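The first residue in the sequence is number 1, and the count goes up from there. Everything numeric here is computed off the predicted structure, so don't read it as measured data.
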Amino acid sequence: MDQTVPDLPVGPHDIRVAIEAISVNPIDLKRITRIGPGDSRILGYDAVGRIIERGAAVTELQLGARVMYAGSTQRAGTYAQTQVVDARLVALAPTRVSLADTAALPLTWLTAVEILTDKLGYVLNQANQRGTLLVINGAGGAGSILTQVAHRMGLTVLATSSPQHFDWLRQHGVAVPLDYHQDLVAQVHAAGYAQVDATINLFDTGRYFTETVALARPFGHLVNLTQTTIPLDLVELQAKSLSFDWELMFTKSHYQYRLATQGQALTVLQRWLDAGIVRTTRTRTLTGPINAATLRQAHRLLGDHQMLGKLVIMNEH
């Protein structure tokens with residue numbers, strides 16, 4: 001249901017943005033299931049828009065500037081005409097790609113960067129690094145940007161999808177596409193890899209747990225994004241001294257931890273998009289007002305769990 005709500009105040013470190021485009025993410029659907037009756041919170045995270053107001057401490061971003069960001073779960077989101085967001089989470093939008101292409105990327109870019117740098121210790125702006133990664137769900141929104149970034153760093157990427165999406169995987173930096181319908185361990189071994197340095201499960205933490213434990217090298221990492229209903233026995237990690245890692249892009253904004261690193265990472269995205277180093281993961285666009293009807297349509301498409309890449313909504317009043 002559409003609602004009119006009062007404008008939220010702009011704090012010293014905040015900006016108010018007139019939203020031009022947003023994208024939808026699986027976390028949107030998950031958070032909807034946790035909303036109770038009478039809860040009127042505004043969801044949504046990825047956005048591109050223009051600054052129409054700024055706080056007293058915001059000096060580097062000018063009024064009228066176009067910016068991109070993924071926001072926070074702690075504040076009103078992008079399912080609106082305007083939004084207040086902490087400026088430290090924001091970067092200027094690129095100028096050589098479309099608004100729709102830009103809106104597809106902030107949340108998944110930040111997820112990918114935090115996995116590769118904060119969790120696995122690679123350096124974002126450094127090429128010719130060495131390592132082998134196995135990515136579960138490589139053709140989704142997060143997988144499609146993570147594989148590009150990892151390939152840019154020099155890493156060898158193996159990733160799962162349906163065979164019909166193998167060309168997409170290869171176009172986005174994957175060296176070895178893997179069929180998620182088939183035995184994962186056997187496919188990795190058949191491709192010539194006895195083990196990998198890290199596994200990155202973007203689908204379901206409980207699914208593939210046994211396989212990723214088997215495939216990770218000693219002292220390797222199992223990085224996971226999603227909750228699961230499947231019990232996990234972490235003792236299985238002990239023999240190989242494996243690390244079990246969680247990644248949640250919203251941790252930094254939730255705990256006010258190193259907020260500026262997200263704005264800094266998005267600035268790299270802006271430069272890489274303008275230079276053609278990475279490509280957008282947008283595959284579908286809806287055009288219309290950001291309202292209940294448009295969002296319901298977007299959620300139906302996302303809820304089919306068959307999305308390749310990302311779905312974007314262009315905001316037209």
Side-chain angles (χ1 to χ4, degrees), residues 26 107-161 169-170 172-180 182-228 230 232-249 251-252 261 265 268 278 281:
L107 188 152
T108 53
W109 166 270
L110 290 170
T111 298
V113 168
E114 290 182 6
I115 288 171
L116 293 168
T117 61
D118 294 67
K119 291 297 178 179
L120 299 181
Y122 296 109
V123 179
L124 180 58
N125 279 306
Q126 181 178 321
N128 302 315
Q129 297 172 86
R130 294 290 176 262
T132 307
L133 307 180
L134 168 62
V135 180
I136 308 297
N137 195 20
S144 298
I145 192 64
L146 189 148
T147 55
Q148 290 186 71
V149 179
H151 176 72
R152 164 74 178 174
M153 290 176 167
L155 308 176
T156 300
V157 183
L158 300 79
T160 69
S161 75
L169 293 182
R170 294 187 184 97
H172 290 78
V174 174
V176 182
L178 304 165
D179 183 353
Y180 78 87
Q182 305 300 323
D183 185 299
L184 183 59
V185 175
Q187 289 181 86
V188 172
H189 290 168
Y193 299 88
Q195 57 190 14
V196 295
D197 294 305
T199 66
I200 303 168
N201 189 339
L202 306 174
F203 181 64
D204 181 321
T205 296
R207 296 277 297 274
Y208 303 103
F209 178 73
T210 299
E211 292 93 330
T212 53
V213 171
L215 289 169
R217 66 163 171 78
F219 292 91
H221 289 258
L222 277 62
V223 184
N224 302 275
L225 264 69
T226 66
Q227 298 180 6
T228 185
I230 301 172
L232 304 179
D233 183 5
L234 296 185
V235 174
E236 292 185 32
L237 308 183
Q238 183 181 28
K240 294 169 81 172
S241 296
L242 297 174
S243 296
F244 184 94
D245 293 280
W246 284 115
E247 159 58 20
L248 179 62
M249 190 228 79
T251 295
K252 289 181 178 179
T261 62
V268 176
V278 294
T281 57

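- A heavy-atom distance below 4.5 Å is found between the side chains of Leu116 and Val149.
- Under the 4.5 Å side-chain criterion, counting only non-hydrogen atoms from C-beta, Leu155 is in contact with Tyr122.
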Could you go through the side-chain contact (heavy atoms from CB on, under 4.5 Å) check for Arg170 and His172 one step at a time? CA-CA 5 Å; Arg170 294 187 184 97; His172 290 78; over 6 Å; no
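- With hydrogens and angles disregarded, no donor-acceptor distance shorter than 3.5 Å links the side chain of Arg207 to the backbone of Phe209.
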Could you go through Lys252 and Asp118, starting from their C-alpha distance and side-chain angles, then the distance that decides it, and tell me whether this counts as side-chain contact (heavy atoms from CB on, under 4.5 Å)? CA-CA 11 Å; Lys252 289 181 178 179; Asp118 294 67; 3.3 Å; yes
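- At least one donor-acceptor pair under 3.5 Å links the side chain of Gln148 to the backbone N or O of Ser144.
- Heavy atoms only, all atoms of each residue included: Ile200 and Leu133 are closest at CD1-CD1, 4.1 Å.
- In this structure, Leu146 and Ile115 have side chains that are in contact, with non-hydrogen atoms separated by less than 4.5 Å.
- The heavy-atom pair separating Thr147 from Ala159 by the smallest distance is CG2-CB, 4.5 Å.
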Under the side-chain contact (heavy atoms from CB on, under 4.5 Å) rule, what do Phe203 and Thr226 come out as? Steps first, then yes or no, please. CA-CA 7 Å; Phe203 181 64; Thr226 66; 6.0 Å; no
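- Scanning both residues, Pro177 and Ala175, for their nearest heavy atoms gives CD-O, 3.8 Å.
- Proximity of Leu242 to Leu222: side-chain heavy atoms (C-beta onward) are separated by under 4.5 Å at one or more points.
- Residues Thr205 and Leu232 have side chains in contact (heavy-atom distance under 4.5 Å, counting atoms from C-beta outward).
- By the 4.5 Å heavy-atom criterion applied to side chains, Val188 and Leu178 are counted as neighbours.
- Between His189 and Ala194, the closest heavy-atom pair is NE2-O, 3.3 Å.
- Between Thr261 atom OG1 and Leu124 atom CG the span is 11.5 Å, to the nearest 0.5 Å.
- For the atom pair Ser161 OG and Asp179 CG, the distance stands at 7.5 Å (nearest 0.5 Å).
- Scanning both residues, Gly173 and Val157, for their nearest heavy atoms gives O-CB, 3.9 Å.
- To the nearest 0.5 Å, atom CG of residue Leu134 and atom OG1 of residue Thr212 are 8.0 Å apart.
- Remark: the backbone N or O of Asp245 is not paired with any side-chain donor or acceptor of Lys119 at under 3.5 angstrom.
- With contacts defined as side-chain heavy-atom distances shorter than 4.5 Å, the pair Thr111/Leu225 qualifies.
- Although no hydrogens or angles enter the test, the distance criterion places no donor-acceptor pair under 3.5 Å between the side chain of Gln182 and the main chain of Gln187.
- Atom NE2 of His221 is separated from atom OG1 of Thr199 by 10.5 Å, given to the nearest 0.5 angstrom.
- Using a distance-only test at 3.5 Å, with no hydrogens or angles considered, no donor-acceptor pair links the side chain of Lys240 to the main chain of Phe219.
- Put simply, the side chain of Trp109 never gets that close to the backbone of Val268: no donor and acceptor are under 3.5 Å apart.
- Residues Val223 and Trp246 form no side-chain contact, since every pair of their non-hydrogen atoms from C-beta on lies 4.5 Å or further apart.
- Taking a 6.0 Å sphere around CD of Gln126, one finds it holds more than 12 heavy atoms contributed by other residues, nucleotides or ligands.
- Without hydrogens or angle criteria, Asn224 side chain to Asn201 main chain gives no donor-acceptor distance under 3.5 Å.
- Val176 and Ala191 get closest at one heavy-atom pair: CG1-CB, 3.7 Å.
- Here Thr210 contributes atom OG1 and Asp233 contributes atom CG; the two are 9.5 Å apart, rounded to the nearest 0.5 Å.
- To the nearest 0.5 angstrom, Arg130 atom CZ is 12.0 Å from Asp197 atom CG.
- In this structure, a donor-acceptor pair under 3.5 Å is present between the side chains of Thr228 and Asp204.
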